[in-house]
Number of protein chains: 2
Amino acid sequence: MTKLPGKTIERLSQYRRSLLVCVENGKDYIFSHELAELHHITPVQVRRDLMLLAYSSVYRKGYPVRQLIEAIGTKLESPEGQNVAIMGMGNLGSALSQYLASVRPKLKVVAGFDVDSSKSGKIISGVKCHALSELKSIIDSENISIGIMTVPQSAAIEACELLCKAGIKGILNFTHVSLTVPDNVFLEEYDMITSLEKVAYFVKQSEE
Amino acid sequence: MTKLPGKTIERLSQYRRSLLVCVENGKDYIFSHELAELHHITPVQVRRDLMLLAYSSVYRKGYPVRQLIEAIGTKLESPEGQNVAIMGMGNLGSALSQYLASVRPKLKVVAGFDVDSSKSGKIISGVKCHALSELKSIIDSENISIGIMTVPQSAAIEACELLCKAGIKGILNFTHVSLTVPDNVFLEEYDMITSLEKVAYFVKQSEE
DNA sequence: TTAAATTTGTGAATCAATTCACACTTTATT
DNA sequence: AATAAAGTGTGAATTGATTCACAAATTTAA
Ligand SMILES: NC(=O)c1ccc[n+]([C@@H]2O[C@H](COP(=O)([O-])OP(=O)(O)OC[C@H]3O[C@@H](n4cnc5c(N)ncnc54)[C@H](O)[C@@H]3O)[C@@H](O)[C@H]2O)c1
Ligand SMILES: NC(=O)c1ccc[n+]([C@@H]2O[C@H](COP(=O)([O-])OP(=O)(O)OC[C@H]3O[C@@H](n4cnc5c(N)ncnc54)[C@H](O)[C@@H]3O)[C@@H](O)[C@H]2O)c1
């Protein structure tokens with residue numbers, strides 16, 4: 001299967017969320033210009049993206065919503081789902097585990113890890129928390145391929161190494177430490193400060 | 001002043017964070033290739049970005065770290081700072097306010113807002129929480145230009161309208177609802193699910 | 001059943017971001 | 001002093017993403 005560009009993947013993920021809302025509202029078909037408007041992009045962009053799904057619409061009726069959701073899901077997800085671990089069950093880590101449980105059934109948060117031994121064995125926000133010593137064995141046994149890093153900055157590099165050694169395949173990094181991972185691990189930085197500073201910059205600009 | 005591309009702004013924000021770490025470590029000068037390596041990009045990219053700052057290095061010694069931090073700050077920030085409000089002081093909103101206080105002094109979280117009247121007047125995670133009825137007057141009096149949206153999905157559109165009407169200039173949106181704002185308001189969507197789904201996709205790919 | 005209107009899919013063009021390639025400045029070495 | 005080495009800054013080329021422009025398919029209306 002061909003690898004889609006990251007930008008397209010991002011948009012497909014977003015389209016799907018809008019489409020799920022359409023289903024709730026009983027909307028069965030959607031035109032490219034409608035989807036475009038919802039996401040503040042052009043209809044051509046939408047069609048280009050959907051083109052890459054090798055997915056064809058019904059002429060003049062638009063795209064059938066349910067089938068489209070299905071088609072996006074087939075591209076984005078493994079049929080058997082993927083398991084996720086959270087590294088660092090503090091403020092953000094526990095907010096996230098609670099939250100993620102509710103949104104994407106195919107991405108299941110199945111374990112949390114924390115140095116704080118008082119958390120070991122406890123269930124925090126619906127996720128069982130383990131000691132770091134169990135990392136490798138649980139990642140193997142639970143078949144976890146994705147790690148979310150929500151440890152303090154100071155522990156980030158070390159925690160990342162542990163995850164990689166334990167055989168994780170993808171990391172979503174919430175710390176602001178720029179990490180280095182082996183080639184076979186996919187790393188996505190998720191940086192709130194940067195986003196906020198970007199907003200601040202454009203606001204400042206608009207005031208000048 | 002010329003408007004820099006959003007991509008460059010993002011990187012400048014990230015460079016600055018690395019540079020602050022350099023200062024802590026007593027490193028006074030840094031080469032473009034060092035900065036590049038920290039961020040997994042090319043040295044040319046770094047130099048291009050710094051070029052846009054109209055900032056010149058000392059030949060063969062690299063860029064003076066403190067001056068560079070200063071120069072980035074001048075581009076990114078207003079000297080008098082910018083004030084931020086959080087809309088929806090729930091799990092994420094309060095985690096954020098606590099967190100932001102500690103990282104960027106020029107971006108100050110000065111107020112929280114919530115429909116939940118039991119929160120009105122209380123200080124949550126160091127930020128005073130107000131009723132929605134006070135929104136406009138506090139945004140004016142506290143000179144708030146940036147809003148962070150952490151309300152439930154269902155309240156997102158309404159809350160966004162309120163913020164815009166109250167004269168906010170930039171919004172960082174943590175809900176997954178695609179919002180529409182007037183032209184003079186800068187909107188940045190910050191979407192965790194999309195990031196996580198992107199990681200999941202590339203992990204899936206690498207397994208095939 | 002013909003003409004007009006709507007919407008898709010896509011080659012070609014454009015616009016944006018990144019990288020290449022290299023001249024130039026400085027420092028170190030001989 | 002001349003030469004080599006290390007880095008920078010930037011025009012030109014390349015790569016990638018988005019938009020334009022339009023043919024083809026379908027529906028609607030006359
Ligand atoms: N709180 C926020 O809203 C927020 C927002 C953006 C980014 N972040 C980033 O997320 C990270 C966590 O923030 P937080 O507010 O949840 O902090 P926190 O202190 O509440 O949580 C950190 C957790 O990690 C655990 N930990 C420490 N060292 C560890 C290690 N080596 N291995 C595993 N676990 C370890 C701690 O015991 C703690 O439970 C920080 O890097 C922060 O910069 C937080
Ligand atoms: N919790 C997370 O880790 C997380 C992660 C990513 C995104 N999000 C998104 O952030 C948003 C908030 O998540 P949360 O977990 O903090 O939810 P939450 O329910 O804990 O908090 C929401 C808060 O908003 C308040 N609120 C409701 N309607 C409001 C209105 N009209 N105006 C102002 N305040 C209002 C509620 O009283 C509550 O305090 C959601 O949209 C969620 O999708 C959350």
Side-chain angles (χ1 to χ4, degrees), chain A residues 2-15 18-19 22 27-68 71-72 75 178 188-189 194 198 201-202 205, chain B residues 2-15 18-19 22 27-68 71-72 75 178 188-189 194 198 201-202 205:
Chain A
T2 43
K3 194 156 132 179
L4 305 184
K7 284 280 181 76
T8 296
I9 294 298
E10 289 177 11
R11 283 188 300 260
L12 288 176
S13 159
Q14 285 155 14
Y15 298 157
S18 304
L19 293 169
C22 289
K27 190 172 169 64
D28 286 333
Y29 291 88
I30 191 165
F31 295 125
S32 60
H33 67 259
E34 293 175 307
L35 205 39
E37 195 173 18
L38 286 171
H39 295 273
H40 312 300
I41 57 177
T42 65
V44 187
Q45 181 75 83
V46 171
R47 296 203 297 273
R48 282 264 174 229
D49 288 334
L50 299 188
M51 224 178 101
L52 297 178
L53 287 180
Y55 182 76
S56 242
S57 77
V58 177
Y59 267 112
R60 286 253 347 184
K61 282 188 79 176
Y63 299 85
V65 175
R66 279 159 209 277
Q67 282 179 44
L68 196 46
I72 294 176
K75 268 288 177 203
S178 175
E188 175 84 3
E189 306 276 348
T194 290
K198 191 171 161 194
Y201 171 80
F202 284 109
Q205 282 295 310
Chain B
T2 42
K3 194 155 133 179
L4 305 183
K7 282 278 181 77
T8 295
I9 295 299
E10 289 177 11
R11 282 189 300 259
L12 288 176
S13 158
Q14 285 155 15
Y15 298 157
S18 304
L19 293 169
C22 290
K27 189 172 169 64
D28 287 333
Y29 291 88
I30 191 166
F31 294 124
S32 60
H33 66 260
E34 293 175 307
L35 206 39
E37 195 173 18
L38 286 171
H39 295 274
H40 312 300
I41 57 177
T42 67
V44 188
Q45 180 76 80
V46 172
R47 295 203 298 271
R48 281 264 175 228
D49 287 334
L50 299 188
M51 223 178 100
L52 297 178
L53 286 181
Y55 182 74
S56 242
S57 78
V58 178
Y59 267 112
R60 287 254 345 185
K61 282 187 78 176
Y63 299 84
V65 175
R66 280 157 209 278
Q67 283 179 43
L68 196 46
I72 294 176
K75 267 290 176 202
S178 175
E188 174 83 2
E189 307 275 350
T194 291
K198 192 172 160 193
Y201 171 79
F202 285 109
Q205 282 296 311

Fill in: Side chain of B:Pro5 - closest among C:dT19, C:dA17, D:dT8
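Ranking C:dT19, C:dA17, D:dT8 by closest atom to the B:Pro5 side chain puts C:dA17 first.
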Item to complete: Between A:Ile41 and A:Lys61, name the one whose nearest nucleotide on DNA chain D is closer to the 5' end.
Response: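 The residue whose closest nucleotide sits nearer the 5' end is A:Ile41.
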Discussion item. Go nucleotide by nucleotide along DNA chain D from the 5' end; which of A:Val44 and A:Lys7 gets its closest nucleotide reached first?
Written reply: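 In this pair, the answer is A:Lys7.
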Phosphate contact ([N] OP1 or OP2) by [X] side-chain N/O below 4.0 Å:
| X | N | result |
| --- | --- | --- |
| A:Tyr63 | C:dG9 | yes |
| B:Thr42 | C:dT18 | no |
| B:Ser32 | D:dG7 | no |
| B:Arg11 | C:dT18 | yes |

Discussion item. Quick check: any donor-acceptor pair below 3.5 Å linking the side-chain of A:Arg48 to the base of C:dG11?
Written reply: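 Looking at the base of C:dG11, it does pair with a donor or acceptor on the side chain of A:Arg48 (distance under 3.5 Å).
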Rounded to the nearest Å, what distance is computed from the [atom1] atom of residue [X] to the [atom2] atom of nucleotide [N]?
| X | N | atom1 | atom2 | answer |
| --- | --- | --- | --- | --- |
| A:Leu52 | C:dG11 | CG | P | 12 Å |
| A:His33 | D:dT19 | NE2 | C1' | 18 Å |
| B:Ile30 | D:dG7 | CD1 | C1' | 14 Å |
| A:Phe31 | C:dT8 | CZ | P | 7 Å |
| A:Asp49 | C:dG9 | CG | P | 12 Å |
| B:Met51 | C:dT18 | CE | P | 14 Å |
| B:Glu37 | D:dG7 | CD | C1' | 16 Å |
| A:Gln45 | C:dT10 | CD | P | 15 Å |

What's the spacing between [X] [atom1] and [Y] [atom2] if we round to 0.5 Å?
| X | Y | atom1 | atom2 | result |
| --- | --- | --- | --- | --- |
| A:Ser13 | A:Lys75 | OG | NZ | 15.5 Å |
| B:Leu4 | B:Glu10 | CG | CD | 12.5 Å |
| A:Tyr15 | A:Ile72 | OH | CD1 | 8.5 Å |
| A:Gln67 | A:Tyr29 | CD | OH | 7.0 Å |

Worksheet entry | Smallest separation among heavy atoms of B:Leu53 and B:Ala71, with atom names |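 Between these two residues, the closest heavy atoms are CD2-O, 4.1 Å.
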